[in-house]
Protein chains: 4
Amino acid sequence: MLPDVSDPRKPNPARRSERSRRAVLGAARELVSEVGYAKVSIEAIAARAGVGKQTIYRWWPSKGAVIFDSFLELSEGEGEEGIRLPDTGDLGADLKAVMRATVAEFADPAFEAPIRALNLEIIADPALADAYREKLAGPVDEAKKERLRSAQRAGQLAADADLDLVLEVLYAPLYQRWLHRAGPLTPQYADALVATVLRAFAP
Amino acid sequence: MLPDVSDPRKPNPARRSERSRRAVLGAARELVSEVGYAKVSIEAIAARAGVGKQTIYRWWPSKGAVIFDSFLELSEGEGEEGIRLPDTGDLGADLKAVMRATVAEFADPAFEAPIRALNLEIIADPALADAYREKLAGPVDEAKKERLRSAQRAGQLAADADLDLVLEVLYAPLYQRWLHRAGPLTPQYADALVATVLRAFAP
Amino acid sequence: MLPDVSDPRKPNPARRSERSRRAVLGAARELVSEVGYAKVSIEAIAARAGVGKQTIYRWWPSKGAVIFDSFLELSEGEGEEGIRLPDTGDLGADLKAVMRATVAEFADPAFEAPIRALNLEIIADPALADAYREKLAGPVDEAKKERLRSAQRAGQLAADADLDLVLEVLYAPLYQRWLHRAGPLTPQYADALVATVLRAFAP
Amino acid sequence: MLPDVSDPRKPNPARRSERSRRAVLGAARELVSEVGYAKVSIEAIAARAGVGKQTIYRWWPSKGAVIFDSFLELSEGEGEEGIRLPDTGDLGADLKAVMRATVAEFADPAFEAPIRALNLEIIADPALADAYREKLAGPVDEAKKERLRSAQRAGQLAADADLDLVLEVLYAPLYQRWLHRAGPLTPQYADALVATVLRAFAP
DNA sequence: GGTTAACCGAGACGGTACGTCGGGTCTTAAC
DNA sequence: GTTAAGACCCGACGTACCGTCTCGGTTAACC
């Protein structure tokens, strides 16, 4: 057997220190909350984590990747497969509940800084965008689509509706408002989006 | 009347060098296209523009502000009041044309770097976001709403539709796809968005 | 007749503002005392004096020249020709008095900064060294030599003694000690120097 | 024992790069010769040495200290204990030889710039003055005093003469002339100083 | 007594260097 | 062989001054 040909001095993950990994991700999370994404430096993460800079460079390709991983870490184990939206049989009511919760989450100033940081990374770095879609957004979107399929079966949504499009029409306006700080995020706004989608994709 | 109390050594705009201003904005524009937003440095802008660094720091608060201004500069005088959307009387056809053009613009790799740069700034800096909405997005949005009002009068759009919401539903999904590189931007996608809006906000 | 060939836009001294001249020299003096020679900037002198920078550049070739002039100003009118050393007939006693006074002056911390500044300039700039010898040191040295000649006539000093050398042997050790901070400047030290000179140049 | 409380992030000298140290001192030496002390910048030293600026700031407190060190380096290993003045038994002859050599050295234009630079630093910075006396002047002065003691034993010099004073009377006039460019440095001048000292401190 | 040339204050300009921060690489010692 | 530690080279930061260059506004000399 040939030795790993994609050689470039790859470290051996088997010997990786779990202790250091967690310390780095924890420090990254703290620092993003404290000083904001732009002002976080690898130097500071290493110092806070009590870790050599090299240890960070060895295992992550960029500052963005570290911080992204620190978000991943948070969301993991959250439900383990178990992400599932409420299904009372009334699509409108269920969507309103979910959208109002989303609006509330975005409006929480405590989440402002880290979520914005996460989005800046994703926008700037295609690789992170892929990882985001696969690891974070993907499972959630799948759960949402599952609820929509249930609605289709119940005759509350056009059977031929493009579910990706439905989700985009539902979430993108909210996302854009928040991203651009273009207006207030209120429960009424959430309701309006749900109403719009129900009308656009009625059977 | 008191002499401007917010003293901190403000420079006198009357003596500002127009020559330097244009050189800086031009250099900023070039550099963003060449190396991308993140890698542009004030140092490089000053060097390229043949200008002292202090001249930049004197008139702009941040790198983002310089680059933002360089975009503003581009769009100015573009229409001078004259932004107006086509109005053939057929809202669907007109919107499709506009949306397809927008899709094409976003897909053009030459605009990728600068537009992404602009968006990163806007997302990261509330002050720039305000300026963006007022100076760049505002006039365009107003023109779009004007077209929608025309459609309302023609009975092609619900008279009580929230035009801000209409625009968001129309553009935000497209914007999000592009921002997250979440899928291809095709003419079909543009058409689908138009169809969705027409259905959602039908009279 | 040719117009002044050494043309380079010489300003006309007749129109020079005496007010500005004094303000500049005063500010220079103050700043040297406050922050030390090395940290004085032309910018600061101009600001303190309430004068445009150009006004300084118009009339002085360098920072050193300004500061040097500020010293000249101080010493002028001091005696107008009238510098004369005490002559009681006892050379030893007279020299001791003068040397002890000199020692005391050098030891005064208030004079430390400015005198050191003056010396740094003189050492670094040959032109200023010439001006110093002519305008400041010259008259004083001449007065000292006059006293020595009186001593020669009185038979207290060798008639063929090289008076420049005598002065150097008297003052240079003191000067060097002060300049290099190589030891304490005491009245005893002054006395020792006088004794040395009297022995070396006894008739 | 407490760990060095004067904490401020002191670097660890054990890990210091000898390569960088020598490169910096070499570059400093060259630049002083080429452009003169005042025009040497830390930036230029770093560039010439192929060294990061931080490496200089890490190990030296000021430009003066770097340049001073570059002189120290030169004089080291020069004699290793071995500084010793000629002792033919004839103090006058020996001193004349030494003083004439000193005069010749000072008159050499190649040494003018660096030596003047060294002196400016010493005069301006008390810390460097101390280092100078201890590391450079000290050993040489001790050798000179040794020769003088030998002369005292031989009855050529007053047994109670203050040797520090003797050295000052011998060297300070010469030093002052050179520093102020106050006159020519000739072998005759050297002889005159020796004669003066011999007379002043004759037994 | 009115014109005009100069000096004046102010301060923006293109630059150089400052001293600091952080990036990413490399070395050392400890485990 | 990975780790914590941290020195290294490098590039950029934002600031301080440099010496030059307009600007209006006095001001003194000459018409």
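Chain A is the first sequence line, chain B the second, and so forth, proteins listed ahead of strands; every chain is numbered from 1.
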Exercise for the section: Might you work through the side-chain contact (heavy atoms from CB on, under 4.5 Å) test for R16(B) and R58(B), ending with a clear yes or no? Expected result: CA-CA 10 Å; R16(B) 181 167 186 181; R58(B) 185 153 34 229; over 6 Å; no

Problem - Per-nucleotide protein contact string for nucleotides 21-31 of chain E (B base, S sugar-phosphate only, - none; heavy atom under 4.0 Å) - result: BSBBBBBB---

If you take all heavy atoms of [X] and [Y], which pair is closest and at what distance?
{"X": "L25(C)", "Y": "W60(C)", "answer": "CD2-CZ2, 3.7 Å"}
{"X": "I67(A)", "Y": "S70(A)", "answer": "O-OG, 2.6 Å"}
{"X": "I45(A)", "Y": "V24(A)", "answer": "CG2-O, 3.8 Å"}

Rounded to whole Å, please give me the gap between [atom1] in [X] and [atom2] in [N].
{"X": "R21(D)", "N": "dA7(F)", "atom1": "CZ", "atom2": "P", "answer": "17 Å"}
{"X": "R48(B)", "N": "dG15(E)", "atom1": "CZ", "atom2": "P", "answer": "15 Å"}
{"X": "I56(C)", "N": "dA10(E)", "atom1": "CD1", "atom2": "P", "answer": "12 Å"}
{"X": "R19(B)", "N": "dT22(F)", "atom1": "CZ", "atom2": "P", "answer": "12 Å"}

Problem - Chi angles and distances behind the side-chain contact (heavy atoms from CB on, under 4.5 Å) call for V66(C), I56(C) - result: CA-CA 8 Å; V66(C) 177; I56(C) 297 184; 3.9 Å; yes

Could you pull out the protein-nucleic contacts involving nucleotides 1-4 of chain E (nitrogen or oxygen on both sides, under 3.5 Å)?
none

Determine yes or no for a side-chain-to-main-chain donor-acceptor pair under 3.5 angstrom, with [X] supplying the side chain and [Y] the backbone.
{"X": "K63(D)", "Y": "V40(D)", "value": "yes"}
{"X": "R116(C)", "Y": "A124(D)", "value": "no"}
{"X": "K135(C)", "Y": "D69(C)", "value": "no"}

Completion exercise
Comparing nearest nucleotides in DNA chain E, the 5'-proximal residue of the pair R58(C), P13(B) is R58(C)

Fill in the blank from the handout: The answer to which of G50(A) and W59(D) contacts DNA chain F further toward the 5' end, by nearest nucleotide, is G50(A)

Problem - 5' priority, DNA chain F, between G52(D) and E18(A) [closest heavy atom] - result: E18(A)

Practice task
Apply side-chain contact (heavy atoms from CB on, under 4.5 Å) to N119(D) and I123(C), showing your working.
Solution key: CA-CA 9 Å; N119(D) 274 281; I123(C) 294 165; 5.6 Å; no

Handout entry: Given R29(A), K39(A), R48(A), the one that forms side chain to side chain donor-acceptor pair (under 3.5 Å) with E34(A)
Key = R48(A)

Problem - Under-4.0 Å side-chain N/O to phosphate OP1/OP2 contact, T55(B) with dA12(E) - result: no

Completion exercise
Contact check, residues 25-34 of chain B vs DNA chain E, heavy-atom distance under 4.0 Å, returns none

Handout entry: side-chain contact (heavy atoms from CB on, under 4.5 Å) between Y132(C) and D125(C), intermediate numbers included
Key = CA-CA 10 Å; Y132(C) 169 75; D125(C) 183 341; over 6 Å; no

